[in-house]
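What follows is one structure encoded as C-alpha cells, with my remarks underneath.
Chain letters run A, B, ... following the sequence lines, proteins first, then strands; residues in each count from 1.
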Protein chains: 2
Amino acid sequence: MKPFKISEAVVRRLPVYLQVLNDLHMRDVQTVSSQELGNKLDLNPAQIRKDLAYFGDFGRKGIGYDVSYLIEKIRQILKLDQPLNVGLVGAGNLGRALCNYNTYLKDNMKITAVFDAHPSMVGASINGLSVLPMDKLQETVAERNIRIGIITVPAVEAQNVADRFVDAGVAGILNFAPTILRVPDHVRIHYADFTTELLSLAYYLEKEGDDEDETVVD
Amino acid sequence: MKPFKISEAVVRRLPVYLQVLNDLHMRDVQTVSSQELGNKLDLNPAQIRKDLAYFGDFGRKGIGYDVSYLIEKIRQILKLDQPLNVGLVGAGNLGRALCNYNTYLKDNMKITAVFDAHPSMVGASINGLSVLPMDKLQETVAERNIRIGIITVPAVEAQNVADRFVDAGVAGILNFAPTILRVPDHVRIHYADFTTELLSLAYYLEKEGDDEDETVVD
DNA sequence: TAGATTGTTAATCGATTAACAATC
DNA sequence: TAGATTGTTAATCGATTAACAATC
C-alpha cells in the first residue's frame with residue numbers, strides 16, 4: 001500500500017481507545033469486539049474498525065481484538081513506545097498539578113524540566129524537579145532532549161514562552177493559556193484550554209424550569 | 001424562520017471568537033471583518049460569517065462586525081449574560097488551579113462551592129472558599145443554585161462523583177479525569193482531559209532527524 | 001459612485017455509517 | 001458447520017468553502 005494521511009479526527013480518538021483498553025486490561029479482559037468498544041465509547045463500531053484498519057490488521061475475524069496486542073499497537077502508533085521528554089513553563093497551580101499528573105502519562109512520556117520567570121519561584125521543588133529560570137530553557141531543552149513544551153503561564157505571556165520553546169527546538173507545544181499562538185509550520189501546537197469547554201457547555205444548559213432536549217433558534 | 005439545530009462544531013468555535021474579540025476590544029479596536037478574524041484564527045472567513053449568521057445578522061455589509069456588539073451577542077448566545085454557578089469536586093492541585101482561574105471565567109460564571117472526600121481537606125480555604133465535605137453536596141447544589149459540576153478527582157472516583165452531581169440536579173458536567181462517564185441524557189457532559197491532547201500531540205512529532213511535514217503510514 | 005464586506009446559496013470536500021464478503 | 005466479527009467498499013450524511021447578489 002502507498003503512504004496516505006490519517007485525519008486528525010482519527011488520531012484524536014486513538015488515546016481514547018487506549019484509555020478504555022488499559023481499563024479492560026486492568027480488569028483482565030483478554031479480547032474485545034468493536035461492538036463492545038463502541039458501547040463503552042458511544043461510537044459506531046464501524047468507525048472504530050475503520051480507524052484501526054488505517055494502521056494495520058489488528059483484529060481477528062469472528063473473534064475481535066486482543067486487548068494487550070491492541071494496546072501495544074496503539075502505543076506504537078502514538079510513538080509512546082519510546083522515551084519522550086517534556087518541559088513545562090509556569091510553576092503556578094496548574095503547572096504543579098500537571099507535574100503531579102506525571103504518573104498518569106504512562107512510562108515513556110515524562111515532564112523532565114520545569115521553568116518559571118519568577119525569581120522567587122526558581123529553586124522550588126515540584127514533584128522532585130527543581131524549578132529552573134527561563135534563561136536555562138534553551139540549554140536544558142537541548143541537554144535533556146525535550147521535544148514537547150507545555151505552557152501554563154497567563155495568556156499575555158504565552159506567546160513569548162512559545163517563541164522561546166520554538167527557538168530551543170521543541171517539535172510540539174501544548175498550550176493551556178486561553179489564547180491562540182503563532183508558531184512555525186514545523187512545530188505542532190495543541191490547545192488544552194478548558195475555558196472553551198466550559199463556555200460551550202453553558203450553551204447547552206436548559207433554561208431553569210425548561211425540559212426539552214432541543215437547542216433552537218428562531 | 002423555523003427552529004433548527006446548531007452543530008456542535010459551530011458552538012465550540014463561539015468561545016474562541018469571544019476570546020479574540022475580547023482581545024481586540026482591550027486594544028480598542030472598534031470593528032473587525034470576517035477576513036481579519038479568519039487570519040487570526042486560521043479559519044475560513046466564510047465559515048466565520050456562516051457561524052455567526054446562524055444566530056442573527058450581526059455584521060454590516062461593507063463594514064464588518066462591531067467588536068463590542070458582537071461580544072455582547074456571543075455572550076448572550078452562550079448564556080453568559082446571566083449568573084451561572086459552578087461546583088467543583090476534588091481540591092487537589094488541579095482543583096485549586098481551577099478555583100484560582102476564577103478570574104478568567106468572566107463575571108457571570110463562577111465557582112461557588114468546592115468539595116472533597118478527604119476529611120483532612122475539609123475546611124481548608126481555597127481562593128476564599130471553604131472546602132466542604134461530600135455529604136454537603138446535594139444540599140449545597142440546591143441552595144447555591146449550582147448548575148455545572150466540575151470533576152477533578154482521580155479517574156477511579158470520577159463516576160461516583162458524577163452520579164452525585166446528577167442526583168443533586170446539575171445540568172452539565174465538565175470532567176477532567178481521564179475516563180468516560182455515564183450520565184443520563186438530560187445532563188450534558190464535556191471532557192477536558194489533557195492527556196488526550198498530549199498523546200495525540202506525540203503522534204505528530206517528527207522522528208528526530210527527520211524533516212518532512214507529511215504523516216505517513218505504509 | 002466605487003470599494004468593501006456581509007449573508008446565503010450552491011459546490012465541494014471529508015467524515016461517518018451501513019452493508020457484506022471474507023474468515024476465524 | 002454455524003455464529004461472530006473483522007476489514008473494506010459503497011452510500012450517506014454533514015461540514016467547509018467558494019461564489020456572488022445585496023448593500024453599507
Side-chain angles (χ1 to χ4, degrees), chain A residues 1-2 4-14 16-17 20-21 24 29-71 73-74 77 200 203 214-215 217-218, chain B residues 1-2 4-14 16-17 20-21 24 29-71 73-74 77 200 203 214-215 217-218:
Chain A
M1 337 164 193
K2 57 181 179 332
F4 59 95
K5 215 169 196 158
I6 306 294
S7 94
E8 292 204 20
V10 174
V11 175
R12 214 165 277 273
R13 280 191 292 269
L14 295 178
V16 185
Y17 296 158
V20 174
L21 290 166
L24 289 171
V29 177
Q30 308 293 313
T31 291
V32 68
S33 69
S34 60
Q35 181 70 59
E36 293 168 300
L37 284 175
N39 286 153
K40 284 187 190 296
L41 293 164
D42 269 323
L43 292 177
N44 184 303
Q47 182 170 67
I48 295 173
R49 293 200 298 278
K50 200 161 197 277
D51 284 355
L52 296 173
Y54 283 121
F55 302 97
D57 290 4
F58 301 147
R60 291 214 297 162
K61 294 191 172 77
I63 309 287
Y65 299 90
D66 181 274
V67 173
S68 300
Y69 181 70
L70 193 52
I71 287 173
K73 282 302 176 184
I74 295 181
I77 295 163
S200 65
Y203 173 85
E214 208 81 1
T215 299
V217 164
D218 58 1
Chain B
M1 328 158 199
K2 58 180 181 333
F4 58 95
K5 214 167 196 162
I6 307 292
S7 93
E8 292 204 21
V10 174
V11 175
R12 213 164 277 273
R13 280 190 293 267
L14 295 178
V16 185
Y17 297 158
V20 174
L21 289 166
L24 289 170
V29 177
Q30 308 292 314
T31 291
V32 69
S33 68
S34 61
Q35 180 71 59
E36 293 168 300
L37 283 175
N39 286 153
K40 284 187 189 295
L41 293 164
D42 270 324
L43 292 179
N44 184 302
Q47 181 169 67
I48 295 172
R49 293 199 299 278
K50 200 161 198 276
D51 284 355
L52 296 174
Y54 282 120
F55 302 97
D57 290 5
F58 301 147
R60 292 215 296 163
K61 294 189 170 78
I63 309 287
Y65 299 89
D66 182 274
V67 174
S68 300
Y69 181 69
L70 193 52
I71 287 174
K73 282 301 177 185
I74 294 181
I77 296 163
S200 65
Y203 174 84
E214 206 82 1
T215 298
V217 164
D218 59 356

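Taking every heavy atom of both residues into account, B/I6 and B/V11 meet most closely at CG2-CG2, 3.9 Å. Across every non-hydrogen atom of B/F58 and B/I77, the tightest pair is CE1-CD1, 4.0 Å. Contact between B/Q47 and B/Y17 at its shortest, heavy atoms only, is O-OH, 4.4 Å.
How far CG of A/L52 is from CZ of A/R13: 10.0 Å, rounded to the nearest 0.5 Å. Between the CG atom of A/N39 and the OG atom of A/S33 there is a distance of 8.0 Å, given to the nearest 0.5 Å. Separation of atoms CG (B/L70) and CG (B/L21) is listed at 5.0 Å; rounding is to 0.5 Å. Note that the CG atom of A/L14 and the OH atom of A/Y54 stand 11.5 Å from one another [nearest 0.5 Å]. Here CG of A/L43 is found 8.0 Å from CG of A/D51. Values are rounded to the nearest 0.5 Å. The CD atom of B/Q35 lies 12.5 Å from the NZ atom of B/K40; values are rounded to the nearest 0.5 Å.
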For nucleotides 20-24 of chain C, list the nitrogen or oxygen atoms of the protein found under 3.5 Å from its nitrogen or oxygen atoms, one pair per line.
unit_1	atom_1	unit_2	atom_2	d
C/dC24	O4'	A/K61	O	3.1
C/dC24	O3'	A/R60	NH1	3.1

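Comparing the start and finish of the helix from C/dG3-D/dC24 to C/dC24-D/dG3, five pairs each, the helix axis swings through 20°, to the nearest 10 degrees.
For the pair B/F58 CZ and C/dT8 C1', the computed distance is 15 Å after rounding to whole Å. In this structure, A/I48 atom CD1 and D/dT6 atom C1' are separated by 13 Å, rounded to whole Å. Atom OH in B/Y65 sits roughly 13 Å away from atom C1' in C/dA4 (whole-Å rounding). A/Q35 has its CD atom 11 Å from the P atom of C/dA18, to the nearest Å.
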5' to 3', nucleotides 9-17 of chain C under a 4.0 Å protein heavy-atom cut-off (B base, S sugar-phosphate only, - none) gives B-----SBB
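Residues B/S200 and A/R12 bring no donor and acceptor atom of their side chains to less than 3.5 Å of each other.
Put simply, B/S34 has a side-chain N or O that comes within less than 4.0 Å of OP1 or OP2 on C/dT6.
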List the steps, then state whether side chain to side chain contact (heavy atoms under 4.5 Å, CB included) holds for A/R60 with A/Y69.
CA-CA 12 Å; A/R60 291 214 297 162; A/Y69 181 70; over 6 Å; no
